[in-house]
Amino acid sequence: MNTLLTAVIWLTVLSVSFSILLDESRPEDATLSFTELGMKYGHSVEEHDVVTEDGYILTLFHIHGETKGPVLVMHGIFDSADTFIIRGNLSLIITLANKGYDVWSGNTRGNKYGRRHKHLDPDAGPKFWDFSFHEAGYYDLAALVDFILEFTGEQSIRTIGHSQGTTIHFILLSTRPEYNEKIKGFIALAPVAFLSNLIPPLSTLTKAWPAINKFLKATGTEELLRDHSAANDLIESLCSQGLIGYEVCYVLLSSTAFGFDPERIEPHFWEVILGHFPTSTSRRTLIHFAQIAVSKRFTQYDYGSVINFRKYKSLTPPNYNLEKVTINISLIASGNDNLSRLKDVDILRTMLPKELKYHVMEPMLWNHVDFTWAKDMDIYLYPYILSSLQEF
Ligand SMILES: *[C@@H]1O[C@H](CO)[C@@H](O)[C@H](O)[C@H]1NC(C)=O
Ligand SMILES: *[C@@H]1O[C@H](CO)[C@@H](O)[C@H](O)[C@H]1NC(C)=O
Ligand SMILES: *[C@@H]1O[C@H](CO)[C@@H](O)[C@H](O)[C@H]1NC(C)=O
């Protein structure tokens, strides 16, 4: 009896592992790279290596367009350039490319397309990972914009960011105001600068940042959720277990942070997402967000008073000066986004010096990730993006 049971268990384990190995059930788009997805949906993709002032090497994807000028799109936290193309024909990138825009999709340091450096090895010690989204704005976005200007010979470009992809814009434009000349218009999807109005459990978690930070440092965890690490693979295999994986990981867990919207991301597409998301980032990136939430200020990284004083000449980190952000911006937010909450977007609006275009998404349940992944972005979101691009 015992042997029979053992045999049955082994057979089950084997067949499950085989089906994972053979990728039988995985949708094709979960396994394709950015460039392969571009090909599949009708566009050839060029890959460029962009080197930042401080030596990080980032992949910048380019779909050549003749008629409507360059547009750069920037992804959020734990995400990559892939996020804007995995919806295939419905994705933002393919939509813009089909309309004749010259489309560029960037990556920030530390994600799967940004794990390279001229001298530092991401797998050898913490040095490579000593950054937060501050550096992603100050160095990475600057380098990507400069590369595109140089490549195209244009004076200025338009940009689109999602979530942390908006944060890095506010950082670059406030710390290096000359970039207000290089970006002529910016569309901010689910904007994140202030996180003063988070609700539990996220607000509770952010308050625990000193303990979480200590734990991560003590365990030497500088890189979070590396692709093909045990943690990342576990998320992917558990969360893509058919309908149950979808119900637990998307409907139940993710909705806590993103806002509850079971409609716009369907189980099959959830498996495509898991082939691309999450990807790696640094410990300090996560901690920096928590610091902003707890301090209720949009500030630089808090290293603790001793190092703060050395770096900033003050015991506390300085605020980003949003007065310096003078370009045309179109903010698009949603009442059901539990990360980028409307009250926090309102704080941002009062801090920015210029009159902005502002739109709140109409479908009641539109959430944080619907801005990149919803099945009806073409109906509810793209009209605002396209009209803003035209105005800029
Ligand atoms: C994408 O759209 C194009 C043009 O409408 C169509 O020809 C193509 O078959 C679609 N591709 C896929 C994979 O659905
Ligand atoms: C998201 O926030 C709203 C309040 O704005 C709240 O009613 C809702 O329960 C939150 N969703 C989740 C999944 O926590
Ligand atoms: C902002 O947009 C308006 C049109 O909406 C345009 O007239 C103006 O020149 C733009 N300003 C900048 C700084 O690009």
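Both counts, for ligands and for their atoms, begin at 1 and track the order of listing. Scope of the values below: all heavy atoms of this structure, side chains included, with no hydrogens, waters or symmetry mates.
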Considering only residues two or more places apart or on different chains, which pairs with a residue in residues 304-313 satisfy side chain to side chain donor-acceptor pair (under 3.5 Å)? D302-N308
Pair listing, side chain to side chain donor-acceptor pair (under 3.5 Å) test, anchored in residues 216-228, at least two apart: R115-E223, D123-R226, T219-T221, E222-R283, D227-T279
Under a 4.0 Å heavy-atom cut-off, which residues neighbour ligand 2? I199, S255, T256, N338, R341
Taking atom CZ of F215 as the centre, report whether more than 12 heavy atoms of other residues, nucleotides or ligands fall under 6.0 Å from it. no
Please name the residue in the list K127, R109, K118 that meets the salt bridge (Lys or Arg N to Asp or Glu O under 4.0 Å) test with D54. R109
Counting neighbours of CD on Q155 that are heavy atoms of other residues, nucleotides or ligands and sit closer than 6.0 Å, is the number greater than 12? no
Is N89 in polar range of ligand 1, meaning some N or O pair under 3.5 Å apart? yes
For residues 324-341, the salt bridge (Lys or Arg N to Asp or Glu O under 4.0 Å) pairs (sequence neighbours left out) are none
